[in-house]
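These notes concern the structure reproduced below.
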Amino acid sequence: MPELPEVETVRRGLAPAMEGARFARVEARRADLRWPLPKDFVARLEGQTVTGLGRRAKYLLADLTSGEVLVMHLGMSGSFRVSQDDRRHPEVAAKRPSKDDHSRRRPSRLAALAPQGDGTDLAAYYHDKGRLAAHDHVVFHMSNGAVVTFNDPRRFGSMKLVKRAEIEREPLLRALGPEPLGNAFDAAMLAAACAGKKTSLKAALLDQTIVAGLGNIYVCEALYRAHLSPKRRASTIADRKGAPNERAAALVDAIKAVLNDAIAAGGSSLRDHRQTDGELGMFQHNFRVYDREGEACRMRGCKGTIRRFVQNGRSTFWCPACQR
DNA sequence: CAAAGTTCCTGCGAGC
DNA sequence: TGCTCGCAGGAACTTT
């Protein structure tokens, strides 16, 4: 699923559920996502409060009171879902008593687990396998009643705990290029990074060490908006000294515009991406080339047709008529 | 069949 | 010529 706009959409959805809340209980239902979770993963999370939820490129970063950072990546098919366990509120639970309600079956466990009275003691309420779906690998039961569930069929996603003080040295983050929506990302920077590159412009934009957060969809869309061919050599957006030309400026503007548009639309929903409330992202309806092979180019004055070809093992969609 | 991502490995060319 | 070194491209991971 997830490129920068989808991850940012997820971050915004998770923030109200997680920031300022404590991990009352954590379930690691699979020990292996992309890599094995640390053996003490649950212990290092439970009891910690999330002081902030940030994003770097396609990574989500949850700062914890322990001084560690929970680094999360959605891979290709990962998604987070936030639900509210209303049974933790006695007045709500009382309105609909049920013989099947797990909370009624566990009074003794509840009492045994009730050291604090603000959520931790109610953790037993949350355990409800009937609510879990296939590929729900990690579940965060927050002290505010929010239940945050990580689902990832392909398990290319990952979670890792890193000390805040060592975050700059973290291998996953260390080599990342600038944020495409940040001030550091401009025509001069992009041109300098592409100067001397023998690879294609498309491959350069997918290279997370040049600019961090773009993926296959938004690279295709940005190149289209900038009228630049994905086959063009990356070095041709710079002059011989590495200074930016007009192509670099157009490309930077196109990248920022398409990412901002996509974030405003809640990201793109193809197979797996959902906003954390389960709503679909909407930006897929605004794709101009991605997955539009054979359709007429919609660029003003262009009579071209959108084509697809495989580049570095991945589908590239473009208009050969207006992208040069 | 092809898929929104990242890491690891191999092969090639440049340069010493 | 031969040997590094770095870059570019491809495979692998997994499930639907």
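Throughout, protein chains are lettered first and strands after them, A, B, ... in sequence-line order, and every chain is numbered starting at 1. All heavy atoms count here, side chains included; hydrogens, waters and symmetry mates do not. Predicted, not measured: the structure shown is a model, and the values here were computed from it.
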Could you give me the CA-CA distance, side-chain angles and deciding distance for A/R274 and A/L280, then say whether side-chain contact (heavy atoms from CB on, under 4.5 Å) is met?
CA-CA 5 Å; A/R274 296 283 176 127; A/L280 294 169; 3.3 Å; yes
Side-chain touch A/L45/A/L70, heavy atoms, less than 4.5 angstrom:
yes
Give the ring-plane orientation class for A/W318 versus A/F309, where under 30° counts as parallel, over 60° as perpendicular and anything between as tilted.
perpendicular
Are any of A/K197's side-chain N or O atoms less than 4.0 Å away from OP1 or OP2 of C/dA8?
yes
When you get a sec, tell me which of C/dG9, B/dA4, B/dT7 is the closest nucleotide to the side chain of A/T199?
C/dG9
How about A/V162 and A/L172: do any of their side-chain heavy atoms sit closer than 4.5 Å?
no
Using a 4.0 Å heavy-atom cut-off across all strands, classify A/L172 as base, sugar-phosphate, or nothing.
sugar-phosphate
Please state how far atom CH2 in A/W35 lies from atom C1' in B/dC8, giving the value in whole angstrom units.
12 Å
Closer than 4.0 angstrom, basic N to acidic O: yes or no for A/D261 and A/R225?
yes
For A/D152 and B/dA4, what is the distance between atoms CG and P respectively, to the nearest whole Å?
15 Å
Strictly below 4.0 Å: does A/R314 bring a side-chain N or O up to OP1 or OP2 of C/dG10?
no
B/dA4, OP1 or OP2 - any side-chain N/O from A/S77 closer than 4.0 Å?
no
Among B/dT6, C/dA8, B/dA4, the one nearest any side-chain atom of A/I217 is B/dA4
Does A/E179 pair with A/R56 as a salt bridge, N-O distance under 4.0 Å?
yes
I need the CG-C1' distance between A/L176 and B/dT7, as an integer number of Å.
13 Å
A/N245 side chain near A/D239 side chain, heavy-atom distance below 4.5 Å:
no
What distance, rounded to whole Å, do you find between the two C1' atoms, one in C/dA8 and one in B/dA4?
23 Å
A/R174 atom CZ is separated from B/dT6 atom C1', nearest whole Å, by 18 Å
Heavy-atom side-chain contact between A/Y290 and A/L270 under 4.5 Å:
yes
Please report the distance, rounded to the nearest Å, between CG in A/N312 and C1' in B/dA2.
17 Å
Looking at A/R274, does any N or O in its side chain come under 4.0 Å of the phosphate oxygens OP1/OP2 on B/dA4?
no
Determine, for nucleotides 11-16 of chain C in 5'-to-3' order, which nucleotides have protein heavy atoms under 4.0 Å from the base (write B), from only the sugar-phosphate (write S), or from neither (write -).
--BBBB
For each nucleotide in nucleotides 10-16 of chain B, reading 5' to 3', give B when a protein heavy atom comes within less than 4.0 Å of its base, S when such contact involves only the sugar-phosphate, and - otherwise.
----S--
Gap between atoms CG and P, on A/L205 and B/dT6 respectively (whole Å)
14 Å
Set out, in order, the CA-CA distance, both residues' side-chain angles and the distance that settles salt bridge (charged side-chain N to carboxylate O under 4.0 Å, His left out) for A/D136 and A/R29, then state yes or no.
CA-CA 7 Å; A/D136 282 350; A/R29 306 180 71 239; 5.4 Å; no
A correct dot-bracket answer for DNA chain C, with pairs being Watson-Crick or G-U at under 3.5 Å, [ ] for crossing pairs and | for inter-strand pairs, is .||||||||||||.||
Can you tell me if CG on A/N183 sees more than 12 non-hydrogen neighbours from other groups inside 6.0 Å?
no
Between B/dT6 (C1') and A/D207 (CG): distance, integer Å
12 Å
Provide, to the nearest angstrom, the distance between the CD atom belonging to A/Q208 and the P atom belonging to B/dT6.
5 Å
Contact between A/R324 and A/H227 at the side-chain level, heavy atoms closer than 4.5 Å - yes or no?
no
Does the side chain of A/S158 get closer than 4.0 angstrom to OP1 or OP2 of B/dT6 through an N or O atom?
no
For residues A/L4 and A/I263, determine if any side-chain heavy atom of one lies less than 4.5 Å from a side-chain heavy atom of the other.
yes
Students often get this wrong, so: under 4.0 angstrom with heavy atoms, is A/S315 touching a base, only sugar-phosphate, or nothing?
sugar-phosphate
Atom P, compared across C/dT16 and B/dT6: separation rounded to whole Å
22 Å
I'd like to know if A/L206 and A/L228 are part of one continuous hydrophobic network [Ile/Leu/Val/Met/Phe/Trp/Tyr, side-chain heavy atoms within less than 4.5 Å].
yes
For A/Y290, report the nucleic acid contact type (base, sugar-phosphate, nothing); a contact means any heavy atom under 4.0 Å.
sugar-phosphate
